[in-house]
Amino acid sequence: MELLKKSLMVLLLNATVLVVSAQADKKAYAFKKGEVMDILFLNQKPETTEKLREYFKAAFPIAKRMSYQGFGGHAIINTPTQGNYHPEVMVLGFWKDVESRNNFLVDIDAEMPTFQQMRRHIWSNFDVIYYEMKEDLSFELNPEKYNVVTYFW
């Protein structure tokens with residue numbers, strides 16, 4: 001009986017470790033009512049890595065000061081089955097509210113006059129849509145599974 005208890009304990013411990021390691025790559029997102037989620041679909045032009053670094057170095061401190069929090073990008077690796085729009089990356093971020101997002105778009109041009117020009121030089125496609133959360137929302141993306149994103153213009 002003691003051997004059975006120990007065996008079950010070891011089995012349970014191993015199963016717990018496997019579950020934890022299998023979920024380690026998942027990315028969880030949580031938004032509160034009133035926050036604004038940005039969804040960007042991008043295609044970067046060739047040989048623009050240095051321009052991209054300059055853009056992030058200049059624009060991100062201003063955006064962060066105005067409440068922006070980036071969640072990073074997700075490569076889009078499977079070819080879409082329909083349409084002729086094929087972005088390479090989907091980026092998620094959020095703002096504390098619509099006012100912060102709108103103020104950023106007004107203030108960034110005054111603080112960084114090259115902002116729009118830099119975007120045009122770095123990305124061949126820079127499409128952004130945003131949603132104000134009407135209620136709390138949370139979800140997670142698991143890179144070990146297919147994550148289907150449907151995007152209509």
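In this text, all values refer to a predicted model and were calculated from it rather than measured experimentally. The figures that follow rest on heavy atoms only: side chains count, while hydrogens, waters and symmetry mates do not.
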J.: As an exercise, state the distance from CG of N43 to CD1 of I122, rounded to the nearest 0.5 Å.
T.: 13.5 Å

J.: OG1 of T114 to CZ of R120: how many Å apart, nearest 0.5 Å?
T.: 10.5 Å

J.: Check for a donor-acceptor pair, side chain of Q116 on one end and backbone N or O of D109 on the other, with a separation under 3.5 Å.
T.: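 Looks like no, no N/O pair under 3.5 Å.
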
J.: Give, for atom CD of Q69 and atom CG of L92, the distance between the pair rounded to the nearest 0.5 Å.
T.: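 The distance works out to 12.0 Å.
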
J.: In terms of heavy-atom contacts, does NZ of K64 have more than 12 from other residues, nucleotides or ligands at under 6.0 Å?
T.: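 Atom NZ in K64 is not packed in, count stays at 12 or less.
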
J.: Are the side chains of E132 and W95 in contact, using a 4.5 Å heavy-atom criterion?
T.: no

J.: Looking at R101 and E99, is there a salt bridge between them, counting it only when a charged N and a carboxylate O are closer than 4.0 Å?
T.: no

J.: Would you mind reporting whether N125 and H86 have side-chain heavy atoms less than 4.5 Å apart?
T.: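 Heavy-atom side-chain distance check fails, nothing below 4.5 Å.
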
J.: Tell me, with the steps shown, if I39 and M90 meet side-chain contact (heavy atoms from CB on, under 4.5 Å).
T.: CA-CA 7 Å; I39 305 172; M90 178 182 75; 4.0 Å; yes

J.: Within this structure, what is the OH-CG distance for the pair Y130 and N102, rounded to the nearest 0.5 Å?
T.: 5.5 Å

J.: What orientation do F31 and Y29 show, parallel under 30°, tilted 30 to 60°, or perpendicular over 60°?
T.: parallel

J.: Which atom pair, heavy atoms only, marks the closest approach of V91 to L42?
T.: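 Closest pair (atom of V91, atom of L42, distance): CG2-CD1, 3.8 Å.
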
J.: Within the distance-only criterion (no hydrogens, no angle test), does the side chain of K32 pair as donor or acceptor with the backbone N or O of K96 below 3.5 angstrom?
T.: no

J.: In Å and rounded to the nearest 0.5 Å, what is the CZ to CE distance from F56 to M118?
T.: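 Here the rounded value is 10.0 Å.
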
J.: Mind checking whether V106 and M66 sit in one hydrophobic cluster, side chains of I, L, V, M, F, W, Y counted as touching below 4.5 Å?
T.: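 In one cluster with V106: M66, no.
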
J.: Is the closest basic N to carboxylate O distance between K51 and E54 below 4.0 Å?
T.: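 Between E54 and K51 there is no salt bridge, as every charged N stays at least 4.0 Å from the carboxylate O atoms.
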
J.: Indicate yes or no: at least one non-hydrogen side-chain atom of I76 is less than 4.5 angstrom from one of F41.
T.: yes

J.: For the residue pair E88 and Q44, what are the closest heavy atoms and their distance?
T.: OE1-N, 3.2 Å

J.: Where the side chain of D136 meets the backbone of K33, is there a donor-acceptor pair that is under 3.5 Å apart?
T.: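 Yes, D136 side chain to K33 backbone: donor-acceptor pair under 3.5 Å.
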
J.: First locate atom CZ of F71, then atom CG of D38, and finally report the distance between them rounded to the nearest 0.5 Å.
T.: 11.0 Å

J.: Any idea which heavy atoms bring W123 and K45 closest together, and the distance?
T.: O-CE, 3.7 Å

J.: Is it the case that the ring center of Y68 lies less than 6.0 angstrom away from the ring center of F104?
T.: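 Ring centroids of F104 and Y68 are no less than 6.0 Å from each other.
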
J.: Where is the tightest heavy-atom contact between A110 and P113, given as atom of each residue plus distance?
T.: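 Reported closest heavy-atom pair: O-CD, 4.2 Å.
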
J.: Check the pair N103, S100 against side chain to side chain donor-acceptor pair (under 3.5 Å), reporting the backbone distance first and the verdict last.
T.: CA-CA 5 Å; N103 288 342; S100 297; 5.8 Å; no

